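Notes to accompany the following structure.
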Protein chains: 4
Amino acid sequence: MRSKESGAPTRTQRARHQDLITAAIQVITRDGYRAASVDRIAREAGTSKGTALYHFSSKEELYQAVVSALFETGATYMAERLLAADTATDKLRTYIETNLRFITLHPAHVGATQQILMNSDTVHAVQLDDAIAPLRRLLQSGQESGEFGEFDPEVTALSIRAIVDGAASYFLAHPELDHEHYIREAAALFLRAVQPASLTSKDAS
Amino acid sequence: MRSKESGAPTRTQRARHQDLITAAIQVITRDGYRAASVDRIAREAGTSKGTALYHFSSKEELYQAVVSALFETGATYMAERLLAADTATDKLRTYIETNLRFITLHPAHVGATQQILMNSDTVHAVQLDDAIAPLRRLLQSGQESGEFGEFDPEVTALSIRAIVDGAASYFLAHPELDHEHYIREAAALFLRAVQPASLTSKDAS
Amino acid sequence: MRSKESGAPTRTQRARHQDLITAAIQVITRDGYRAASVDRIAREAGTSKGTALYHFSSKEELYQAVVSALFETGATYMAERLLAADTATDKLRTYIETNLRFITLHPAHVGATQQILMNSDTVHAVQLDDAIAPLRRLLQSGQESGEFGEFDPEVTALSIRAIVDGAASYFLAHPELDHEHYIREAAALFLRAVQPASLTSKDAS
Amino acid sequence: MRSKESGAPTRTQRARHQDLITAAIQVITRDGYRAASVDRIAREAGTSKGTALYHFSSKEELYQAVVSALFETGATYMAERLLAADTATDKLRTYIETNLRFITLHPAHVGATQQILMNSDTVHAVQLDDAIAPLRRLLQSGQESGEFGEFDPEVTALSIRAIVDGAASYFLAHPELDHEHYIREAAALFLRAVQPASLTSKDAS
DNA sequence: AATGAATGAGAGTTCATTCAT
DNA sequence: CATGAATGAACTCTCATTCAT
């Protein structure tokens, strides 16, 4: 029975689903995207190709599930922490730090998802733009309130996005490093960059 | 003639080589890395699979040529401009701007190369670290001379690298934008971020 | 299931394996070694290339199976008959006759195996030397016991081996002949050749 | 101009022909029959694929030339020596020894030719039968004159042929051995085998 | 006389997917 | 639920052969 049809998924179903998602992440991370065949993923999950494609009616659907799982976990994680922030400065710092901290918690899942999206045929330029928009709005509102200085919010948002996106592979390649240090430094870097210029002038005098 | 052999390449050789390199870039950019089969690339170049593999003895060799072509063009372009810079500030701005400007000139080539390297089996984590090193040294020397403030040079270098790496896909997705504006803004952003604290306010972060 | 994995082979497994081995022998024998592509073998077995490579993960593995199948059948056949022989003379006759009789039973399988080994990259010079050794020892022990006369055991062993190796193609080319006659004559030939010269003396008187 | 057309071959033509024949033998012997592509052979001969197929209009024609060259050299060599022999015994010994001695002189050429014929589509069962016939006649006439004893001439001829055919690979695999010893032993072996049963006493060659 | 260039046929192999059990 | 079996499409690569120069 295909997973899309009947209503509530069985416990076994959910378990198998999770196993396969985990296996896909593992194989993609360990052996590379190209080596990640359904067969290899299934075997990593301790089952067979036939079974894998019984649970997910196509490879793409499995990969979609990997992506969705990350987005769901991520959205929850982010939302909880972002609400606590008040000022634009605080929100920006929280945004950057929370994002990076989340990546530290799930570097393989994030990395695998990036590879899946990168190789997906569906345009993900849109997805990138979507991910940029709220960040740009945050920066703009900080400028309007006077907390931030003058800069192009789009470019700044893209820059922030870029380092967040690069973080997964960096954390995976250097698991021995002090990620928390990296996180704080990255946030600090952008906070300095968005500071109003006016603040600097008077101190210089 | 196998491309490995000695001797100067014929005119036809070079022409076909260039055609195939261009076609590979085109196909990867337009149809995606996975869709880029030798057959499709050859057809894009107006020739046949057999001919393509006559000129490049393997697909990997063709891809290697794509990468090499970019590195050669890029190295020349960068070297000329970086020499003109004097102070650390100037060097940093030049580094960022020149990099981005080069990408604006060859976004497809850069993007294709990124995909090739990303899918290559040879470790490119090393390559990334290598690309970071000179940048980190530039930042460090700026700190030692007092031009730059206090920050982690590694994290900052990685951030700069990240936005440069992200630029190709952004420029490709938005060819209508004013890239020169993006470039100046990106450079300005990092220049603000590396400014000495003494110049700025009292309570950065 | 990849054939390397553990566990007992299914009934279907064994059946298909056997079908493909038989088909490989058939195609090699009928159409020649070079014409024996996986596709053609598969079609001969009434299946498809994909299926063939599902059961044997490479062409080489299929060929290896052809060779192994012959060796197993042959070893059993030979062992049973060789044990019965007592004297060196008897052993030699049995060795030659049994070898040739086995080839008469499976000329195509033997011929195909010879072609496979001959075209294999793995050194089969070694294999030939290995096949010679026991025969040489048999001849030597016959000489030591005085049953055999003086001759170079190596050269004689190689000669015996040579006619045994040539028998498959001869039997295949002449299926109408009386193979049993050939077998007995061949054995008699070598028995005469190894006879001690001294035995003949009494007849001279 | 194709080699078949005009009358007398140029000196250059003959030289190139010989170079390519030698190269083919070399490549087949060193790298194996399967690895012997026209390209590789041409390069071994210090020329190009195009040139090779200018001189021999097909690969098969080149291989045919390898075979013919051997047969011509061999026929001359054999004929000279066989004429000297008188009795059937002498002829047989000469046949075996001369054959083997010729192989010792050209083991690579003989080996390459064997591989070519073995992989050729044209039936070479006929060729083998043809090669057997004169030998069988020699043995028969020896029997009729009473020089030889009773045995099946066909089987004996095949046996002699078999060891001669096996000699090339043996000599190639063991170039360090005393081939002359091998040759004399092989001849002696068969002479003992064809001896009349009654005669065996005093003069076993 | 020589050869670089081009090409199409065919090889082995991988893989997502379908299906009967 | 699960899976072994089967398959066809697509891929990279090899190679003998043709041809223009």
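Below, chain A is the first sequence line, B the second, and so on; all start at residue 1. Since this is a predicted model, take the numbers as computed values, not measurements. Just so you know, these numbers use all the heavy atoms, side chains as well, and skip hydrogens, waters and symmetry mates.
- In this structure, A/Leu20 places its CG atom 10 Å from P of F/dT3, rounding to the nearest Å.
- Less than 4.0 Å separates DNA chain F from at least one heavy atom of each of the following residues of residues 33-50 of chain C: C/Thr47, C/Ser48, C/Gly50.
- With hydrogens and angles ignored, the 3.5 Å screen pairs a side-chain donor or acceptor of B/Thr73 with a backbone N or O of B/Ala69.
- Two residues are said to be in side-chain contact when any heavy atoms from C-beta on lie closer than 4.5 Å; C/Asp19 and C/Thr47 fail this criterion.
- Looking at the side chain of A/Thr51, the nearest of the listed nucleotides E/dT13, F/dT7, F/dT3 is F/dT3.
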Tell me, what's DNA chain E's dot-bracket, Watson-Crick or G-U with both distances under 3.5 Å, | for other-strand, [ ] crossing? .||||||||||||||||||||

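- Contact annotation: D/His55 reaches the phosphate of E/dA2 (side-chain N/O to OP1 or OP2, under 4.0 Å).
- Counting heavy atoms from C-beta outward, C/Lys49 and C/Arg40 have side chains that stay 4.5 Å or more apart.
- Rounded to a whole Å, the NE2 atom of D/His17 is 10 Å from the P atom of E/dA2.
- Atom CG of A/Asn119 and atom P of E/dA16 are 13 Å apart (whole Å).
- Protein atom CG of C/Leu53 is 18 Å distant from nucleotide atom P of F/dC11, rounded to whole Å.
- For the pair B/Ile28 and B/Tyr63, the minimum side-chain heavy-atom distance is below 4.5 Å.
- Whole-Å rounding puts the D/Arg16 CZ to E/dA1 P distance at 11 Å.
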Pair B/Tyr54, B/Arg16 - check side chain to side chain contact (heavy atoms under 4.5 Å, CB included), show working. CA-CA 10 Å; B/Tyr54 164 72; B/Arg16 279 273 176 269; over 6 Å; no

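- Checked by atom type and distance alone, the side chain of A/His109 pairs as donor or acceptor with a backbone atom of A/Val66 at under 3.5 Å.
- With E/dA11, F/dC13, E/dA2 as the candidates, the nucleotide lying closest to the side chain of C/Lys59 is E/dA11.
- Taking the side chain as every heavy atom from C-beta outward, D/Thr51 and D/Leu20 never approach each other to under 4.5 Å.
- Side-chain contact between A/Phe56 and A/Val38 is absent, with no heavy-atom pair separated by less than 4.5 Å.
- One can place CZ of A/Phe56 at 16 Å from P of E/dT18, the figure rounded to the nearest angstrom.
- Put simply, CG on A/Leu62 is 15 Å from C1' on E/dC15, counting in whole angstrom units.
- The CD atom of A/Glu61 sits 12 Å away from the P atom of E/dT18 (whole-angstrom rounding).
- Toward the 5′ end of DNA chain E lies the nearest nucleotide of B/Ala52, the other residue of the pair B/Ala52 and C/Ser58 mapping further downstream.
- Put simply, the side chain of B/Arg34 does not reach to within 4.5 Å of the side chain of A/Arg34, judged on heavy atoms.
- Put simply, D/Tyr54 has no side-chain N or O that comes within less than 4.0 Å of OP1 or OP2 on E/dA2.
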